[in-house]
Peer 1: 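Got a structure for you, questions after.
All of these numbers come straight from a predicted model, not from anything done at the bench. Every chain is numbered from 1, with letters handed out A, B, ... down the list of sequences.
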2 protein chains.
Amino acid sequence: MGRNKETNQKIRDERREQILSESLLLFSTRGLASTKISDIASTAGISQGLVYHYFRSKEDIFIELIRGAFERLNSSCEILSRMPLSPREKIDIAVRGLLQDLENNQENARYHLLMAQAMISETVPEEAKAIIRREIAVSQEIIAAILRDGQKEGSIKEGDADEMALVFWTSINGLAILKVVNGAEFKAPAPEILLSMFL
Amino acid sequence: MGRNKETNQKIRDERREQILSESLLLFSTRGLASTKISDIASTAGISQGLVYHYFRSKEDIFIELIRGAFERLNSSCEILSRMPLSPREKIDIAVRGLLQDLENNQENARYHLLMAQAMISETVPEEAKAIIRREIAVSQEIIAAILRDGQKEGSIKEGDADEMALVFWTSINGLAILKVVNGAEFKAPAPEILLSMFL
DNA sequence: GTCTATATCCAGATAGAC
DNA sequence: GTCTATCTGGATATAGAC
């Protein structure tokens with residue numbers, strides 16, 4: 001009959017993506033613990049049982065998303081660091097971009113919320129925690145490297161670049177969390193405030 | 001027999017405090033959802049049933065702690081704002097104090113972690129969320145007022161004081177969260193980095 | 001591939017003895 | 001005041017029909 005292997009594969013891929021996408025939305029706003037498989041199923045418009053046809057467990061979905069989050073984040077950082085810009089400009093772009101993402105509720109921002117959730121929430125499986133600990137260091141080091149470059153040429157403030165990078169990310173994270181609490185009312189602060197730590 | 005009303009009351013009070021104290025420790029590191037009543041009971045060295053003799057539910061314990069957290073935080077802020085110091089000095093003290101608390105794992109810091117947990121974690125009862133939304137505005141406004149004072153006399157950087165206060169707290173919060181993840185390895189960044197946003 | 005029905009498990013909360 | 005034993009509910013995960 002009509003269905004061949006390719007069609008089936010396509011259905012599989014689409015469903016998978018669909019489940020991941022709805023899960024990101026739910027996890028990022030409600031967290032892992034209080035998102036039920038039945039929530040995911042119903043927002044995705046499928047049955048609860050079907051979710052288990054695509055993922056072994058709720059945790060597996062979460063881990064997959066975390067993996068994706070860092071993949072995106074780290075690759076954005078890589079791209080940024082390779083742009084033909086001065087260190088100063090790179091930091092400027094990064095801060096403005098991140099704040100805008102937060103305010104506009106871009107998919108990027110959801111990933112930030114997810115990471116914040118993952119860092120805190122303890123129901124998070126150990127595998128996800130491990131990914132976080134490992135990957136968080138990557139983006140932090142990239143920012144630190146940009147800062148060091150700028151310090152060498154005198155366009156970035158003096159100070160321990162690693163600590164500055166740490167504050168960079170934790171501040172973004174803190175704002176992401178506030179967004180969870182305040183929802184639509186959230187208004188991102190002026191980028192200049194954060195930038196004054198570096199420029 | 002031996003026990004009179006006062007003795008009983010004393011036992012009651014002590015047990016209550018004991019339960020709250022252990023709960024703070026557990027909630028602040030593991031979050032509400034993944035802290036079981038049985039965990040609280042066993043670390044407090046009492047039976048599970050006894051916990052319910054003192055608190056109606058796990059959520060009640062959490063709410064009580066959140067209430068206490070903001071009581072402490074807001075009163076510290078009040079005290080700070082009334083100190084006979086310049087606005088600049090007040091901000092300086094606040095930042096240094098908060099960072100030191102975090103690094104030294106003071107009880108104060110645990111309350112910060114608790115708040116961070118509460119903001120993010122979804123299983124948190126609505127009553128706690130309401131307290132957070134309400135009380136968070138208090139400490140934020142106090143910091144904002146100090147900043148405005150300083151801006152008037154020219155000792156604090158220009159900028160929207162409300163937004164600056166918001167970044168102030170979210171940055172502290174972000175660091176508190178990192179502390180949850182990194183535990184003992186956490187090292188607070190130099191206060192000067194944060195201070196450069198304001199001074 | 002998808003659904004419905006069900007088994008299983010676990011944690012919160014209660015009842016009653018001491 | 002404190003404990004042990006138990007009830008109960010809800011959510012994950014599975015089994016089996018279509």
Peer 1: Measure the distance from CD on A:Q48 to P on D:dA11 and round it to the nearest whole Å.
Peer 2: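 Nearest whole value for this atom pair: 10 Å.
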Peer 1: Respond yes when some side-chain nitrogen or oxygen of B:R15 is under 4.0 Å from OP1 or OP2 of D:dG1, and no when none is.
Peer 2: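 No, B:R15 has no side-chain N/O under 4.0 Å of OP1/OP2 on D:dG1.
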Peer 1: Select one nucleotide: of D:dC3, C:dA13, D:dG1, the one nearest the side-chain heavy atoms of B:N8.
Peer 2: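 Nearest nucleotide to the side chain: D:dG1.
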Peer 1: For A:I37 and D:dG10, what is the distance between atoms CD1 and P respectively, to the nearest whole Å?
Peer 2: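 About 18 Å, once rounded to whole Å.
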Peer 1: Tell me which of B:Q9 and B:G49 sits closer to the 5' end of DNA chain D, going by the nucleotide each one is nearest to.
Peer 2: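 Taking each residue's closest nucleotide, the earlier one in sequence belongs to B:Q9.
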Peer 1: To the nearest angstrom, how far is A:I40 atom CD1 from D:dT12 atom P?
Peer 2: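 Atom-to-atom, A:I40 to D:dT12, this comes out as 8 Å.
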Peer 1: Would you mind reading off the distance between B:K10 atom NZ and D:dG1 atom P, rounded to a whole angstrom?
Peer 2: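 Going from NZ in B:K10 over to P in D:dG1 covers 14 Å.
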Peer 1: Without decimals, in angstroms, what is the distance between B:K58 NZ and C:dA13 P?
Peer 2: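 For the pair B:K58 NZ and C:dA13 P, the rounded distance is 8 Å.
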Peer 1: Taking only N and O in the side chain of A:Y52, is any of them less than 4.0 Å away from OP1 or OP2 of C:dT2?
Peer 2: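 Indeed not, no polar side-chain atom of A:Y52 lies that close.
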Peer 1: Going by the side chain to side chain donor-acceptor pair (under 3.5 Å) test, name the single residue among A:R15, A:E14, A:R16 that passes it with A:Q18.
Peer 2: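 For A:Q18, the side chain to side chain donor-acceptor pair (under 3.5 Å) test succeeds with only one of A:R15, A:E14, A:R16, which is A:R15.
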Peer 1: Consider the side chain of A:K36, meaning its heavy atoms from C-beta on, and name the nucleotide among C:dG1, C:dC3, D:dA11 that approaches it most closely.
Peer 2: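 Nearest to the side chain of A:K36 among the choices is D:dA11.
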Peer 1: Take atom CG of B:L50 and atom P of C:dA13, then tell me their distance rounded to the nearest Å.
Peer 2: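 Spelled out: CG on B:L50 to P on C:dA13 is 15 Å.
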Peer 1: Kindly assign one of parallel, tilted or perpendicular to the pair A:W169 and A:H112, based on the angle between their ring planes and the thresholds 30° and 60°.
Peer 2: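 The arrangement is parallel - the two ring planes meet at less than 30°.
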Peer 1: Respond yes when some side-chain nitrogen or oxygen of B:H53 is under 4.0 Å from OP1 or OP2 of D:dG1, and no when none is.
Peer 2: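 Answer is yes, contact under 4.0 Å.
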Peer 1: Would you tell me if any nitrogen or oxygen in the side chain of A:R56 comes within less than 4.0 Å of OP1 or OP2 on D:dA13?
Peer 2: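 Checking A:R56 against D:dA13: no side-chain N or O falls below 4.0 Å of OP1 or OP2.
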Peer 1: What's the closest nucleotide to the side chain of B:R12 if the choices are D:dG1, D:dT12, C:dC3?
Peer 2: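 It is D:dG1.
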Peer 1: When we call it a touch if two heavy atoms are under 4.0 Å apart, what does B:F55 touch: a base, just sugar-phosphate, or nothing?
Peer 2: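 Nothing: the residue B:F55, judged by heavy atoms under 4.0 Å, touches no strand.
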Peer 1: In terms of heavy-atom contacts, does CD of B:E185 have more than 12 from other residues, nucleotides or ligands at under 6.0 Å?
Peer 2: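 Open.
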Peer 1: Return the value, rounded to whole Å, for the distance between atom CG of A:D60 and atom C1' of D:dA13.
Peer 2: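 It works out to 13 Å between those atoms.
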Peer 1: Classify the nucleic acid contact of B:T35 as base, sugar-phosphate or nothing, counting any heavy atom under 4.0 Å across all strands shown.
Peer 2: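 Touches sugar-phosphate only.
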Peer 1: Which of these nucleotides, C:dA13, C:dC3, D:dT2, is closest to any side-chain atom of B:S57?
Peer 2: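 Nearest listed nucleotide: C:dA13.
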Peer 1: Which pair of heavy atoms, one from B:K157 and one from B:M164, lies closest together, and at what distance?
Peer 2: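 In terms of heavy atoms, the two residues are closest at O-CE, 3.7 Å.
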Peer 1: Looking at D:dT12, C:dG12, C:dG1, which one has an atom nearest to any side-chain atom of A:I11?
Peer 2: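 The listed nucleotide nearest to A:I11's side chain is C:dG1.
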Peer 1: Could you tell me the separation between the CD atom of A:E59 and the C1' atom of D:dT12, rounded to a whole number of Å?
Peer 2: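 Spelled out: CD on A:E59 to C1' on D:dT12 is 9 Å.
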Peer 1: Which heavy atom of A:Q151 sits nearest a heavy atom of A:G159, and at what distance?
Peer 2: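 Looking at all heavy atoms of both residues, the shortest contact is NE2-O, 2.8 Å.
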